[in-house]
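A short worksheet on the structure shown next.
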Amino acid sequence: MIRAESVWESVGNTPLIRIKSLSERTGCDIYGKAEFLNPGGSIKDRAAKGMIQKAEADGRLELGGVIVEGTAGNTGIGLATLAAERGYRVIITMPNNQAKEKYQMLEAIGAEVRAVPPCPFANPNHFYHQAKRIAEEMPGAVWADQFENTANAQFHYDTTGPEILQQLDGQVDVLVAASGTGGTIGGTSTYLKEHKPDTTIIVTDPEGSGTHDYIKTGAFTGEGGSVTEGIGIKRLTANFARAVVDDALRITDRQMIDTLFHVARHDGLFLGTSSALNLYGAYAMARRYQGSGKKIVTFLCDHGSRYASKVLDKDWLTEKDLHPRLLE
Ligand code: PMP
């Protein structure tokens, strides 16, 4: 039984769950790290804790201080979750097209949210630049800067990587992870490559993101778009630059949504879109190694309830042509 004396302490140490339906189909062991069980409900609680810890250690953040961040939502929720207990004010800039549950959650836990129209990164009104400006103009405010602040990847190196290796008694063959800031894959891949060098590291990427092409060709190209939230980028971040990656998989929204409903119905796990993207990637790798018994690990980044207004809405599924079909 895990006992925590604070919300702060309760981040991480998540279960590693064998996904029975996909493992039986492939003759491999596919495991998902249940990051939706973190106190703020996502993997980004780890990045939030790493960045707050670093800012406190550097003397930049003190009781009553202000944290500012630009986020697709989960990092903001992670920061606000941990800030409540420690007495910080949190200001979040966020594109206005994310699932409404994330804004509602942010408000419930006391963050100040500024929703901005989505635009290309080069535009000064991009949520990233707006967060930076707010922090610069507010005395004593700290910009978390999850993309370039390597306290993010470092926290995964210090916690996520060791937890996985310990949970599998050192027997991991493949790690599959999507990338938003690159913190998860940046920290976890380096830890695994150092301690189990023959681990294969695969990045999963939705359409419209440049990460897949960057691994394949060195250029951040990529057409189209995706309904998956929190994943995909068209530039090299300091956190992703740390990652040691062997190959990349491009995954469609159709493959993602069919996986999301497959594991909901067969395994009782109703997960968020990035988790389903990750699981399809793990499944694709398992099919490549069909019957080998290889141990393939990925991340269940957050819970499907965070996207209910989208993935459970029949009109939304119709509009996106994403009514679930049988997983191929
Ligand atoms: N899944 C979700 C739902 C996210 O919001 C994010 C982060 N934006 C990730 C996965 C990716 O994590 P990272 O930033 O560590 O690459």
Side-chain angles (χ1 to χ4, degrees), residues 11-14 16 30-35 38 42-55 57-58 74-75 78 144-205 209-218 220 230-249 274-275 277-279 281-282 285 294-301:
V11 174
N13 284 314
T14 53
L16 193 63
I30 298 176
Y31 288 94
K33 195 138 171 68
E35 293 298 302
N38 278 302
S42 93
I43 194 164
K44 300 299 307 200
D45 289 8
R46 294 190 192 251
K49 184 169 174 179
M51 294 189 296
I52 292 176
Q53 202 165 257
K54 178 76 167 50
D58 292 348
N74 277 335
T75 303
D145 193 13
Q146 57 172 333
F147 294 94
E148 305 305 325
N149 180 351
T150 52
N152 171 0
Q154 186 62 39
F155 197 82
H156 287 284
Y157 180 92
D158 293 338
T159 66
T160 320
E163 286 172 31
I164 289 172
L165 215 52
Q166 198 219 338
Q167 285 169 312
L168 287 173
D169 301 317
Q171 298 305 307
V172 54
D173 297 301
V174 184
L175 178 84
V176 175
S179 175
T181 64
T184 304
I185 195 164
T188 312
S189 70
T190 39
Y191 183 88
L192 292 180
K193 284 286 190 185
E194 274 172 31
H195 295 85
K196 174 83 168 47
D198 64 352
T199 311
T200 301
I201 312 287
I202 306 290
V203 64
T204 44
D205 209 33
S209 166
T211 309
H212 168 274
D213 289 3
Y214 175 71
I215 296 300
K216 295 282 195 188
T217 69
F220 275 92
I231 299 299
I233 202 160
K234 285 222 162 116
R235 64 184 191 277
L236 183 62
T237 63
N239 282 298
F240 189 80
R242 281 187 62 166
V244 189
V245 178
D246 295 294
D247 205 356
L249 295 174
S274 70
S275 309
L277 185 93
N278 276 339
L279 276 175
M285 291 307 292
K294 281 192 190 287
K295 295 199 185 310
I296 301 174
V297 178
T298 194
F299 297 100
L300 312 180
C301 306

Practice prompt. Considering non-hydrogen atoms only, spot the tightest contact between Ala151 and Gly50 and give its length.
Written response: CB-O, 3.6 Å
Worksheet item: Are side-chain heavy atoms of Ile215 and Val203 found at a separation under 4.5 Å?
Response: yes
Discussion item. Under 3.5 Å, is there a donor on one side chain and an acceptor on the other for Thr159 and Arg46?
Written reply: yes
Discussion item. What I'd like to find out is whether the side chain of Ser274 reaches to under 4.5 Å of the side chain of Cys301, using heavy atoms alone.
Written reply: yes
Worksheet item: Going through the checks in order, is the side-chain contact (heavy atoms from CB on, under 4.5 Å) test met by Leu175 and Thr298?
Response: CA-CA 6 Å; Leu175 178 84; Thr298 194; over 6 Å; no
Item to complete: Can you see which heavy atom on Ser189 is nearest to which on Ala243, and at what distance?
Response: OG-CA, 3.4 Å
Worksheet item: Is there a donor-acceptor pair closer than 3.5 Å between any side-chain N or O of Asp169 and the backbone N or O of Gln171?
Response: no
Fill in: Atom pair CG (Leu279) and CD1 (Ile296), whose distance is rounded to the nearest 0.5 Å
11.0 Å
Worksheet item: Can any side-chain N or O of Lys234 pair as donor or acceptor with the backbone N or O of Ser209 at less than 3.5 Å?
Response: no
Discussion item. Determine whether a donor-acceptor pair (N or O, by modelled atom type, separation under 3.5 Å) exists between the side chain of Glu148 and the backbone of Ala238.
Written reply: yes
Fill in: Closest heavy-atom pair and its distance - Ile233, Gly180
CD1-O, 3.7 Å
Fill in: Ring-face cation contact, Phe147 with Arg235, 6.0 Å cut, 45° max
yes
Worksheet, complete the sentence: To the nearest 0.5 Å, atom CZ of Phe155 lies from atom CD1 of Ile52 at 10.5 Å
Worksheet item: Between Asp173 and Lys294, is there a donor-acceptor pair closer than 3.5 Å when you use the side chain of the first and the backbone of the second?
Response: no
Practice prompt. Any chance you could measure Asp198, atom CG, to Thr200, atom OG1, to the nearest 0.5 Å?
Written response: 7.5 Å
Discussion item. Between Thr160 and Phe299, is there a side-chain heavy-atom distance shorter than 4.5 Å?
Written reply: yes
Worksheet, complete the sentence: OH of Tyr214 to CG of Leu236, rounded to nearest 0.5 Å, is 4.5 Å
Discussion item. Which heavy atom of Val176 sits nearest to which heavy atom of Gly281, and what is that distance?
Written reply: CG1-C, 4.0 Å
Discussion item. Looking only at the side chains, is there a donor atom on one of Lys33 and Gln167 sitting less than 3.5 Å from an acceptor on the other?
Written reply: yes
Worksheet item: Thr237 side chain to Phe240 main-chain N or O, any donor-acceptor pair under 3.5 Å?
Response: yes
Item to complete: Taking Lys196 for its side chain and Leu165 for its backbone only, find out whether a donor-acceptor pair lies under 3.5 Å.
Response: no
Worksheet item: Short question: side chain of Asn38, backbone of Glu35 - any donor-acceptor pair under 3.5 Å?
Response: yes
Fill in: Minimum side-chain heavy-atom gap Ile202-Val245 below 4.5 Å
no
Practice prompt. Drop me the distance from Thr190's OG1 to Gln154's CD, to the nearest 0.5 angstrom.
Written response: 8.0 Å
Worksheet item: Between Lys44 and Gln146, does a side chain to side chain donor-acceptor pair (under 3.5 Å) hold up when you go through it step by step?
Response: CA-CA 10 Å; Lys44 300 299 307 200; Gln146 57 172 333; 3.1 Å; yes
Response to the item:
Between the CZ atom in Phe220 and the CG atom in Asp213, the distance rounded to the nearest 0.5 Å is 9.5 Å
Fill in: All pairs passing ring pair (Phe, Tyr, Trp, His ring centres under 6.0 Å) where residues 167-205 contributes a residue, at least two apart
Tyr157-Tyr191, Tyr191-His195
Worksheet entry | For Glu163 against Thr14, the heavy-atom pair lying closest together | OE1-N, 3.6 Å
Discussion item. Before you tell me yes or no, could you show the steps for Val174 and Val297 under side-chain contact (heavy atoms from CB on, under 4.5 Å), namely the whole-Å CA-CA distance, both residues' side-chain angles and the distance that decides it to 0.1 Å?
Written reply: CA-CA 6 Å; Val174 184; Val297 178; over 6 Å; no
Worksheet item: What's the shortest heavy-atom distance between Thr199 and Leu192, and which atoms?
Response: OG1-O, 4.1 Å
Worksheet item: After noting the C-alpha distance and the side-chain angles of Asn278 and Thr204, does the key distance pass the side chain to side chain donor-acceptor pair (under 3.5 Å) rule?
Response: CA-CA 6 Å; Asn278 276 339; Thr204 44; 3.0 Å; yes
Discussion item. Under 4.0 Å between a side-chain nitrogen and a carboxylate oxygen: does that hold for Asp45 and Lys49?
Written reply: no
Worksheet item: Regarding Asn239 and Thr181, is there a side-chain donor-to-acceptor distance under 3.5 Å anywhere?
Response: no
Worksheet entry | Residues Lys295, Ile30; criterion side-chain contact (heavy atoms from CB on, under 4.5 Å); working and verdict | CA-CA 6 Å; Lys295 295 199 185 310; Ile30 298 176; over 6 Å; no
Worksheet entry | Basic-acidic side-chain contact under 4.0 Å: Asp205, Lys216 | no
Discussion item. How about NZ on Lys54, more than 12 heavy atoms from neighbouring residues, nucleotides or ligands closer than 6.0 Å, or not?
Written reply: no
